[in-house]
Amino acid sequence: MTSIASAPGKLIICGEHAVVYGQPAIAVPLPDVRAWATVAQAASPGIVCAAPDLGETWRLSSQRDHPLAQLTISTLRRLGLAEDIALHITLRSNIPIASGMGSGAALGAALVKALAAYAGHVLSSAEVAALVYESERAFHGTPSGIDNTVVSYEQPVWFRRGAQDTPPTIEQVQIAAPLHLVIGDTGVRAPTSLTVGVVRERWQREPDLLIAYFEQIGSIVQQVRAALAAGQLTQTGELLNQNQAVLHRLGVSSPDLERLISAAIQAGALGAKLSGGGGGGVMLALTTAERIDHVRAALQHAGAAHVLATSIVT
Ligand code: PMV
């Protein structure tokens with residue numbers, strides 16, 4: 001018997017970093033880039049997991065500290081399965097790694113869903129998100145929880161983390177007019193923990209200033225939500241530019257990101273900003289349908305390592 005499940009990549013539209021400090025953020029799934037997990041019965045007891053795209057193979061019994069091994073263990077426990085069950089797991093993904101498109105969370109969500117399907121269970125999106133969150137928390141410090149949420153729910157989400165250990169607020173985001181996004185990857189791998197650490201350190205030194213920045217971002221995110229619901233794309237673009245200006249002041253942009261953002265704006269994008277942790281990784285440009293190719297070409301010309309165009313509709 002074999003089961004297969006997948007989960008999408010994700011893009012934070014606005015609110016990154018401030019979301020770690022209790023402000024809201026908006027994220028969308030990226031249906032065209034995905035992670036897949038296949039769970040098949042094996043000939044001998046024990047779980048072997050192969051991730052050929054990552055060049056990794058691990059055996060659960062001997063590499064229990066691998067992040068995905070921990071997630072496998074907690075999921076098996078939730079499903080009432082023994083750890084020595086004879087399984088072969090294969091993980092695949094076409095989501096760029098460590099670039100802000102949620103590859104780790106998507107692999108985790110696909111793994112949880114495929115194990116559940118193998119056991120004949122259907123887990124709710126909230127349960128999948130919670131299992132992936134625990135594993136992200138164990139290995140990435142203090143994630144807000146937005147990544148695991150959007151890849152598990154697979155719909156645009158308004159996300160606000162709960163105080164202490166209370167559950168987050170997760171609401172659907174209405175998108176009245178198609179959102180045409182062009183994503184430019186700087187090709188610079190920037191671990192989220194690095195920029196989150198830079199912001200935390202600055203927040204400790206200059207709390208009043210940083211809290212003011214987080215509040216500005218929170219207010220922009222509220223306005224983006226209203227603009228998306230009203231189909232006001234020009235207004236949304238302006239707000240994304242404002243969000244980028246605050247992220248720049250926070251210190252999480254980079255010359256590569258700034259170059260791609262300027263190129264997109266010059267090519268007629270309605271707005272552009274970094275997405276995710278920053279310091280490298282990806283930026284997004286909001287554009288009209290007519291300008292998609294123009295913005296894509298401008299990003300390629302400006303040196304983007306990869307460019308991806310996608311349209312979000314609800
Ligand atoms: O780098 P990404 O795409 O995983 O996004 C990180 C978003 C942050 O707000 C910077 C951190 C977080 O945990 O929300």
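Separating the OG1 atom in Thr72 from the CG atom in Leu76 is a distance of 6.5 Å, to the nearest 0.5 Å. Expressed to the nearest 0.5 Å, how far CG of Leu308 lies from CG of Leu30 amounts to 6.5 Å. Within the model, atoms CE of Met283 and OG of Ser262 stand 9.0 Å from one another, a figure rounded to the nearest 0.5 Å. Atom CG of Leu270 and atom CG of Leu239 lie 11.5 Å apart (nearest 0.5 Å). Atoms OG and CG, on Ser135 and Leu107 in that order, are 10.5 Å from each other to the nearest 0.5 Å. Here the straight-line distance linking atom NE2 of His306 with atom CD of Gln300 works out to 11.5 Å at 0.5 Å rounding.
Under the 3.5 Å distance criterion, the side-chain polar atoms of Thr195 are left unmatched by any main-chain donor or acceptor of Gly279. A donor-acceptor pair under 3.5 Å links the side-chain atoms of Asp53 to the main chain of Ser93, judged by distance alone. No donor-acceptor pair under 3.5 Å is formed between the side chain of Arg189 and the backbone N or O of Gly281. With hydrogens and angles disregarded, a donor-acceptor distance shorter than 3.5 Å links the side chain of His17 to the backbone of Gly277. Within the 3.5 Å criterion, the main-chain N or O of Tyr21 finds no donor-acceptor partner in the side chain of Arg161. Lys10 places a side-chain N or O within 3.5 Å of a backbone atom of Gly100 that can act as its donor or acceptor partner. At distances below 3.5 Å, not a single donor-acceptor pair connects side-chain atoms of Asn94 with backbone N or O atoms of Ala35. Remark: the backbone N or O of Leu210 is not paired with any side-chain donor or acceptor of Arg202 at under 3.5 angstrom. One N or O on the side chain of Thr314 and one on the backbone of Ile175 form a donor-acceptor pair closer than 3.5 Å.
There is a side-chain donor-acceptor pair under 3.5 Å between His180 and Ser311. Between the side chains of Ser6 and Arg34, at least one donor N or O sits under 3.5 Å from an acceptor N or O. If you check the side chains of His66 and Glu56, you find a donor sitting under 3.5 Å from an acceptor. Checking Gln244 against Glu258 by side-chain atom types alone, a donor-acceptor pair falls below 3.5 Å. Gln223 and Ser219 share a side-chain donor-acceptor pair at under 3.5 Å.
Shortest non-hydrogen contact noted between Ala86 and Pro45 is CB-CA, 3.8 Å. The two residues Ala106 and Pro8 come nearest to each other via the heavy atoms CB-O, 3.3 Å. The two residues Thr287 and Arg291 have their closest heavy-atom pair at OG1-CB, 3.0 Å. Between Val173 and Ile26 the shortest heavy-atom distance is CG2-CG2, 4.1 Å. The two residues Ala302 and Ala263 have their closest heavy-atom pair at CB-CB, 3.7 Å. The two residues Glu83 and Ile73 come nearest to each other via the heavy atoms OE2-CG2, 3.4 Å.
We find that Arg160 and Glu171 are not joined by a salt bridge, their nearest charged nitrogen and carboxylate oxygen being 4.0 Å or further apart.
Under the 4.5 Å side-chain heavy-atom criterion for Ile, Leu, Val, Met, Phe, Trp and Tyr, Leu209 and Ile220 are members of the same hydrophobic cluster. Clustering ILVMFWY residues whenever any of their side-chain heavy atoms sit less than 4.5 angstrom apart, transitively, puts Val150 in the very cluster that holds Val224. Both Leu81 and Leu91 belong to a common hydrophobic cluster when Ile, Leu, Val, Met, Phe, Trp and Tyr are linked at side-chain heavy-atom distances under 4.5 angstrom. Residues Leu194 and Leu250 fall into different hydrophobic clusters, defined by Ile, Leu, Val, Met, Phe, Trp and Tyr side chains chained together at heavy-atom separations under 4.5 Å. If you chain together hydrophobic residues whose side chains sit under 4.5 Å apart, Ile312 and Leu11 fall into the same group.
For the pair Arg225 and Trp158, the minimum side-chain heavy-atom distance is below 4.5 Å. Between Asn241 and Ile265 the shortest side-chain heavy-atom distance falls below 4.5 Å. Contact of the Tyr118 side chain with the Leu87 side chain is registered, since non-hydrogen atoms from C-beta on lie closer than 4.5 Å. Looking at heavy atoms from C-beta onward, Leu247 lies out of side-chain contact with Ser253 at the 4.5 angstrom threshold. For the pair Phe159 and Ser144, the minimum side-chain heavy-atom distance is below 4.5 Å. A 4.5 Å side-chain heavy-atom check between Leu115 and Leu79 finds at least one atom pair inside the cut-off. For the pair Ile89/Leu111, a side-chain contact is recorded, criterion being any heavy-atom separation below 4.5 Å from C-beta on. Within the 4.5 Å cutoff, no side-chain heavy atoms of Thr186 are placed close to those of Val282.
When each of Ile12, Leu181, Ile13 is checked for a side-chain contact (heavy atoms from CB on, under 4.5 Å) with Ser275, only Ile12 meets the rule.
Counting non-hydrogen atoms of other residues, nucleotides and ligands closer than 6.0 Å to CH2 of Trp58 gives a total above 12. The number of heavy atoms from other shown groups lying within 6.0 Å of NE2 (His248) does not exceed 12.
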| Residue pair Leu179, Thr310: steps toward the side-chain contact (heavy atoms from CB on, under 4.5 Å) verdict | CA-CA 8 Å; Leu179 270 190; Thr310 189; over 6 Å; no
| task | Dump the intermediate steps for salt bridge (charged side-chain N to carboxylate O under 4.0 Å, His left out) on Glu16 and Lys273, then the final yes or no. | result | CA-CA 11 Å; Glu16 52 275 270; Lys273 62 181 278 294; 2.9 Å; yes
| task | Would you sort out whether Ser74 and Glu134 count as a side-chain contact (heavy atoms from CB on, under 4.5 Å), showing the intermediate values? | result | CA-CA 9 Å; Ser74 55; Glu134 280 314 312; 5.9 Å; no
| said: Please evaluate residues Leu60 and Cys49 with respect to the criterion side-chain contact (heavy atoms from CB on, under 4.5 Å), reporting the C-alpha separation (whole Å), side-chain torsions for both, the decisive distance (0.1 Å), and the verdict. | reply: CA-CA 8 Å; Leu60 189 67; Cys49 181; over 6 Å; no
| request: Could you please spell out the steps behind the side-chain contact (heavy atoms from CB on, under 4.5 Å) verdict for Tyr153 and Asn148? | output: CA-CA 9 Å; Tyr153 283 70; Asn148 50 287; over 6 Å; no
